[in-house]
Every structure is written in C-alpha cells, then in structure tokens.
Amino acid sequence: MSDIADITMGQSPSGSSYNEDKNGTIFFQGRAEFSFRFPTVRLYTTEPKQMAYTNDTLISVRAPVGDLNVAHTDCCIGRGLAAAHSKTNHQSFILYTISSLKKQLEVFNGEGTVFGSINKKSLIEMPIIIPPNKKLDEFEAIVSPIDSSIRNNYDENCHLIKIRDSLLKKLVSGELDVSNLDI
C-alpha cells in the first residue's frame, strides 16, 4: 500500500477543543460519522492534530476495522480513522483498492484485547497489485467521473435538505402562508 498511498493515522485533539458551533476545522472521531459515501459533519475542533484532505479515503482503524468513507473536504481525523492519499493522483484507484481489501481488514476485528484495531505498519504493508501507470490512468479516466457524479449528487442532496429544513421551519412557524396556493 505504501507504494501508492500516503497513510495518515488520526490523532484526537484535546476534548476541550471540540464544538458543534462550526468553530475551527471539521473533525471526525471515527466511523460513527460515516454514511453512504461521505461522513456526516457533527463536530469541529480548534486544535486539529492530523488532517485528511479532500477526496482522501477515510478508513476505520478501530472496531470495526475497514469501514470506508471519502473526505468531502479537508478535515481533522481522530484516532479511530486513517486517511489514504494517492501519491500519483489516482485517488479513485485507492478507494476501490482499499474497498477490495475488506476481508483482509476484517481479520483485524478479532485482534486486540478489547476491540479490533489496525496500526499504520499493518496498513502500509498490505500487499496489493499495482497496475502499470498507463492502466491506472485509464482506470481513473473511467471511474473518476463516476465518483465526481456521486459527489455532485451528494452536494445537491445536501443543498435540497437545507432548503427543505428552512422551508419547513417557516411553514410550521406561520412565517410562510400557503393557504392561497392552488395545488
């Protein structure tokens, strides 16, 4: 893995730096914030320690090991996560390669005294097949636009959710009157 990706292991900032007021850097503690593709923003920190960058693959490294998401934006990662960043601008290949390692990663769930975990050495030493750069470029040319479409759909859904929530609040409070609408 280390031949194609830089792996950053998360480190939790001081608990006193956490907030939900959008003060500081987005912070993901672990897989609890994971959803279908991108994690749900819940916490921020004013003292980020380890960072993941936009489109990095986020990997759960503590029970359960191996769940994946993609960093929607630059963010701080806590000790329950690691970030994989392509060394050669083949980020989609990194995501789907790590996804294909699910069974090998699940082995780490049975290790440890209390709960499963994986360390950086085990991650970077995971054997993978790396195609020639030409094939990687061809793969990215096909898959990266699909990943971009998934991201664009996610962004649109988030925007629609904000509009819905804003309208519902105004409808319930009576700020918007729709009694004269002909539906």
Side-chain angles (χ1 to χ4, degrees), residues 1-14 17 24-109 111-112 116-148 150-151 154-155:
M1 181 77 71
S2 64
D3 290 341
I4 61 164
D6 291 317
I7 304 293
T8 301
M9 300 300 285
Q11 181 180 355
S12 296
S14 164
S17 75
T25 303
I26 293 171
F27 171 53
F28 299 118
Q29 291 180 302
R31 72 166 296 280
E33 291 99 352
F34 281 10
S35 62
F36 166 69
R37 173 66 66 114
F38 304 100
T40 302
V41 177
R42 189 175 58 85
L43 289 175
Y44 293 78
T45 180
T46 55
E47 299 174 15
K49 300 276 187 208
Q50 295 288 22
M51 297 293 293
Y53 300 98
T54 303
N55 293 326
D56 282 358
T57 300
L58 302 175
I59 309 159
S60 172
V61 295
R62 301 182 85 177
V65 173
D67 287 348
L68 302 179
N69 257 197
V70 174
H72 188 270
T73 188
D74 294 355
C75 56
C76 174
I77 54 173
R79 63 185 181 167
L81 298 177
H85 182 82
S86 175
K87 291 181 175 182
T88 58
N89 201 27
H90 297 110
Q91 199 60 44
S92 291
F93 179 76
I94 298 295
L95 172 64
Y96 296 107
T97 296
I98 295 172
S99 180
S100 75
L101 299 173
K102 187 82 170 158
K103 290 222 184 287
Q104 290 93 310
L105 291 168
E106 285 176 354
V107 169
F108 291 91
N109 285 320
E111 297 183 0
S117 64
I118 188 170
N119 61 30
K120 184 173 184 172
K121 184 177 188 287
S122 296
L123 269 177
I124 65 174
E125 290 179 355
M126 282 204 134
I128 58 170
I129 297 171
I130 304 171
N133 273 337
K134 182 179 182 202
K135 290 294 179 193
L136 287 172
D137 291 341
E138 290 171 4
F139 178 86
E140 287 294 317
I142 294 168
V143 177
S144 185
I146 296 168
D147 286 340
S148 291
I150 292 169
R151 181 187 177 89
Y154 173 82
D155 290 342

Calculate, to the nearest 0.5 Å, the distance between atoms [atom1] and [atom2] belonging to [X] and [Y] respectively.
X     : Y      : atom1 : atom2 : value
Leu58 : Asp67  : CG    : CG    : 11.5 Å
Cys76 : Tyr44  : SG    : OH    : 13.0 Å
Thr73 : Asn55  : OG1   : CG    : 9.5 Å
Ile7  : Lys121 : CD1   : NZ    : 14.5 Å
Met9  : Gln50  : CE    : CD    : 10.0 Å

Heavy-atom pair with the smallest gap, counting every atom of [X] and [Y]:
X      : Y      : value
Ala82  : Leu123 : CB-CD1, 4.0 Å
Pro48  : Thr25  : CG-OG1, 3.7 Å
Ala84  : Ile98  : CB-CD1, 3.6 Å
Pro131 : Phe93  : CD-CZ, 3.5 Å
Ala63  : Asn109 : CA-OD1, 4.2 Å

Check whether any side-chain heavy atom of [X] lies under 4.5 Å from a side-chain heavy atom of [Y], and answer yes or no.
X      : Y      : value
Arg151 : Thr54  : yes
Leu95  : Arg37  : yes
Ile129 : Thr97  : no
Phe34  : Leu81  : yes
Ile4   : Ile128 : yes
Leu105 : Met126 : yes

Requested in this report: Mind running side chain to side chain contact (heavy atoms under 4.5 Å, CB included) on Val70 and Ile150 for me, showing each step along the way?
Outcome: CA-CA 11 Å; Val70 174; Ile150 292 169; over 6 Å; no
Report task. Show your reasoning for whether side chain to side chain contact (heavy atoms under 4.5 Å, CB included) applies to Phe28 and Val41. Result -> CA-CA 7 Å; Phe28 299 118; Val41 177; 4.1 Å; yes
Requested in this report: Classify the ring geometry between Phe38 and His72 as parallel (under 30°), tilted (30 to 60°) or perpendicular (over 60°).
Outcome: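 Plane angle over 60°, so perpendicular.
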Query raised in the report: Crowded around Arg79 CZ? As in, over 12 foreign heavy atoms under 6.0 Å?
Result: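 12 or below, so no.
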Query raised in the report: Is the NZ atom of Lys102 crowded by more than 12 outside heavy atoms at less than 6.0 Å?
Result: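 Check passes, neighbour count above 12.
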Between [X] and [Y], a side-chain donor and acceptor under 3.5 Å:
X      : Y      : result
His85  : Asp6   : no
Ser17  : Thr45  : yes
Ser122 : Asn119 : yes
His90  : Asn133 : no

Query - Ion pair Lys103/Glu106, N-O distance below 4.0 Å - result: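 No, this pair does not count.
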Backbone of [Y] reached by a side-chain donor or acceptor of [X] within 3.5 Å:
X      : Y     : answer
Ser99  : Tyr96 : no
Glu140 : Ser92 : yes
Lys49  : Ser14 : no

Report task. Report the C-alpha separation of Asp147 and Gln91 in whole Å, then their side-chain angles, then the decisive distance to 0.1 Å, and conclude whether the side chain to side chain contact (heavy atoms under 4.5 Å, CB included) test is met. Result -> CA-CA 10 Å; Asp147 286 340; Gln91 199 60 44; over 6 Å; no
Query - Trace of the side chain to side chain contact (heavy atoms under 4.5 Å, CB included) decision for Asn69 with Arg31 - result: CA-CA 8 Å; Asn69 257 197; Arg31 72 166 296 280; over 6 Å; no
